[in-house]
Engineer: 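Take a look at this one; I'll ask things after.
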Amino acid sequence: MSVLGIDEITYGADDLPTCRRFFLDWGLSLVNEEADQLVFETLNGCRVIVAAASRAGLPPAMEAGPTLRQVVWGVESEADLARYADNIRQQPGFVQEAGRIGCTDPNGLSVRLQVTRKRQIDVECAEHNTWSSKHRVNKPSPAYERATPIEVGHVVFFVKDVVACERFYLESFGFAASDHYPGRGAFLRCAPDGGHHDIFLLQRPAGDSALNHVAFTVRDIHEVFGGGMHISRCGWDTQLGPGRHPISSAYFWYFKNPAGALVEYYADEDQLTADWQPRDFEPGPTVFAEWAIEGGIDGNTRRQKSAAAPKGQFITDRK
Ligand SMILES: [Fe+2]
């Protein structure tokens with residue numbers, strides 16, 4: 001029995017028309033629309049809900065302004081739900097309703113479990129040739145005009161108490177620790193076998209609760225680039241990227257999100273098993289990014305945004 005991943009997230013936001021445009025550009029499908037709520041889906045049916053902050057029944061916000069209000073994690077079966085209910089029955093805000101159970105995590109976030117509604121899908125991804133293994137033969141590598149994210153792969157929060165929060169996810173949901181910034185940060189995955197992290201918890205000196213980012217899994221590094229350049233062409237602002245994380249090895253590109261905090265395309269994170277030994281790191285810019293481009297890549301010129309546009313000559317041209 002283990003949690004499978006993120007099934008649904010809900011934002012509370014104040015400018016739904018802008019959020020609607022952003023998430024359509026981001027590559028999600030709009031599957032339902034009401035005056036005060038938008039429901040999007042990723043390729044595998046993971047749901048991204050953007051609700052007006054004033055919508056009745058929306059869980060409370062952990063910070064001022066647009067932010068994430070709820071994360072729903074998927075499990076395999078009703079029997080699993082019943083067992084997790086026993087784990088969290090004593091937690092604040094415990095609820096057991098039709099098809100869902102949940103509570104409030106130590107950071108003030110509404111968390112729920114449901115039998116997963118995500119679909120098994122087949123997607124074709126890039127294969128890579130290295131010196132020692134040639135996986136792509138008689139076949140060009142893909143390029144993407146825009147991204148169509150597969151799912152929400154992880155969420156990242158600033159937390160008041162990283163030790164209490166980590167303990168909650170380990171003990172209540174059976175998560176496994178992948179790596180730590182001791183006393184500051186915890187990278188956790190849902191199950192011993194899986195991608196490097198499904199949630200990352202980071203305690204700032206201020207000890208505040210806030211959303212840092214929501215990350216969408218795309219097929220491969222080429223979709224990180226193609227998707228990011230499309231978002232850039234659409235006029236949305238890069239926060240940082242493209243770049244590469246030393247912890248998790250993933251390629252990333254972060255954008256500012258009108259629904260709250262940051263949003264990320266990422267691909268190629270480390271896959272771990274029960275044999276993995278968690279590592280300790282000291283936080284710092286080179287630990288966060290092996291390399292990264294400030295300001296992003298312009299989608300039209302295909303060049304670093306802060307660099308001069310090409311003048312009709314390439315560096316290899318000779319006069
Ligand atoms: Fe991330």
Side-chain angles (χ1 to χ4, degrees), residues 3 5-9 11 22-23 26-28 42 44 46 48 62-63 67-68 71 73 105 107 109 147 149-159 162 165-166 169 175-181 184-190 194-204 209-225 227-228 231-232 236-257 259-272 276 278-279 281 283-294 296:
V3 172
I6 295 166
D7 240 47
E8 178 182 297
I9 59 170
Y11 288 97
F22 178 80
F23 279 117
W26 191 250
L28 307 188
T42 64
N44 73 356
C46 180
V48 175
M62 66 175 79
E63 61 182 318
T67 190
L68 212 55
V71 176
W73 300 88
D105 83 0
N107 205 38
L109 177 75
I150 295 166
E151 64 179 7
V152 175
H154 62 259
V155 285
V156 175
F157 295 99
F158 295 120
V159 298
V162 71
C165 259
E166 177 178 8
Y169 284 99
F175 284 13
S178 296
D179 285 314
H180 294 100
Y181 295 129
R184 294 280 304 277
F187 294 89
L188 310 178
R189 61 192 190 279
C190 290
H196 182 272
H197 57 279
D198 297 278
I199 189 167
F200 174 47
L201 308 163
L202 185 62
Q203 185 176 334
R204 292 193 282 202
S209 298
L211 173 66
N212 177 265
H213 71 267
V214 170
F216 289 78
T217 317
V218 295
R219 293 164 180 76
D220 49 54
I221 183 177
H222 309 299
E223 196 175 14
V224 173
F225 283 112
I231 289 294
S232 184
W236 304 105
D237 289 333
T238 286
Q239 189 262 349
L240 186 71
R244 185 169 182 248
H245 291 305
I247 303 174
S248 88
S249 307
Y251 297 98
F252 67 79
W253 195 333
Y254 294 98
F255 286 87
K256 296 173 186 171
N257 179 3
L262 304 172
V263 68
E264 176 189 11
Y265 288 132
Y266 79 100
D268 199 16
E269 72 173 336
D270 294 327
Q271 290 293 306
L272 309 183
W276 177 257
R279 304 163 298 176
F281 294 92
T286 57
V287 175
F288 177 76
E290 176 204 3
W291 56 269
I293 294 177
E294 191 80 42

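Order of appearance sets the numbers: ligands from 1, and atoms from 1 within every ligand.
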Engineer: Test your reading of the model: is there a side-chain donor-acceptor pair from Glu63 to the backbone of Leu211, 3.5 Å cut-off?
Structural biologist: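 Looks like yes, one N/O pair under 3.5 Å.
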Engineer: For residues 213-222, which side-chain N or O atoms pair as donor and acceptor with protein atoms under 3.5 Å away, sequence neighbours left out?
Structural biologist:
| from | atom 1 | to | atom 2 | distance (Å) |
| --- | --- | --- | --- | --- |
| His213 | NE2 | His154 | NE2 | 3.4 |
| His213 | NE2 | Glu264 | OE1 | 2.9 |
| Thr217 | OG1 | Tyr266 | OH | 3.0 |
| Arg219 | NH1 | Thr148 | O | 3.4 |
| Arg219 | NH1 | Thr148 | OG1 | 3.2 |
| Arg219 | NH1 | Glu223 | OE1 | 3.0 |
| Arg219 | NH1 | Glu223 | OE2 | 2.7 |
| Arg219 | NH2 | Thr148 | OG1 | 3.4 |
| Asp220 | OD1 | His222 | N | 3.1 |
| Asp220 | OD1 | Glu223 | N | 3.1 |
| Asp220 | OD2 | Ala126 | N | 2.9 |
| Asp220 | OD2 | Tyr144 | OH | 2.8 |
| His222 | NE2 | Ser141 | OG | 3.2 |

Engineer: Applying ring pair (Phe, Tyr, Trp, His ring centres under 6.0 Å), can you list everything that pairs with Phe225, at least two apart in sequence or on another chain?
Structural biologist: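 None.
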Engineer: So, at under 2.8 Å, which protein N, O or S atoms would a careful student list around the Fe ion (ligand 1)?
Structural biologist: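 Only His154 NE2, His213 NE2, Glu264 OE1 fall inside 2.8 Å of the Fe ion (ligand 1).
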Engineer: Classify the ring geometry between Tyr251 and Trp291 as parallel (under 30°), tilted (30 to 60°) or perpendicular (over 60°).
Structural biologist: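 The rings of Tyr251 and Trp291 sit tilted, inter-plane angle from 30° to 60°.
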Engineer: Taking only residues two or more places apart in sequence or in another chain, which ones pass ring pair (Phe, Tyr, Trp, His ring centres under 6.0 Å) with Phe22?
Structural biologist: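 By the ring pair (Phe, Tyr, Trp, His ring centres under 6.0 Å) rule, Phe22 matches Trp26, Trp236.
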Engineer: Hey, is the main chain of Phe158 close enough, under 3.5 Å, to the side chain of Asn212 for a donor-acceptor pair?
Structural biologist: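 Absent.
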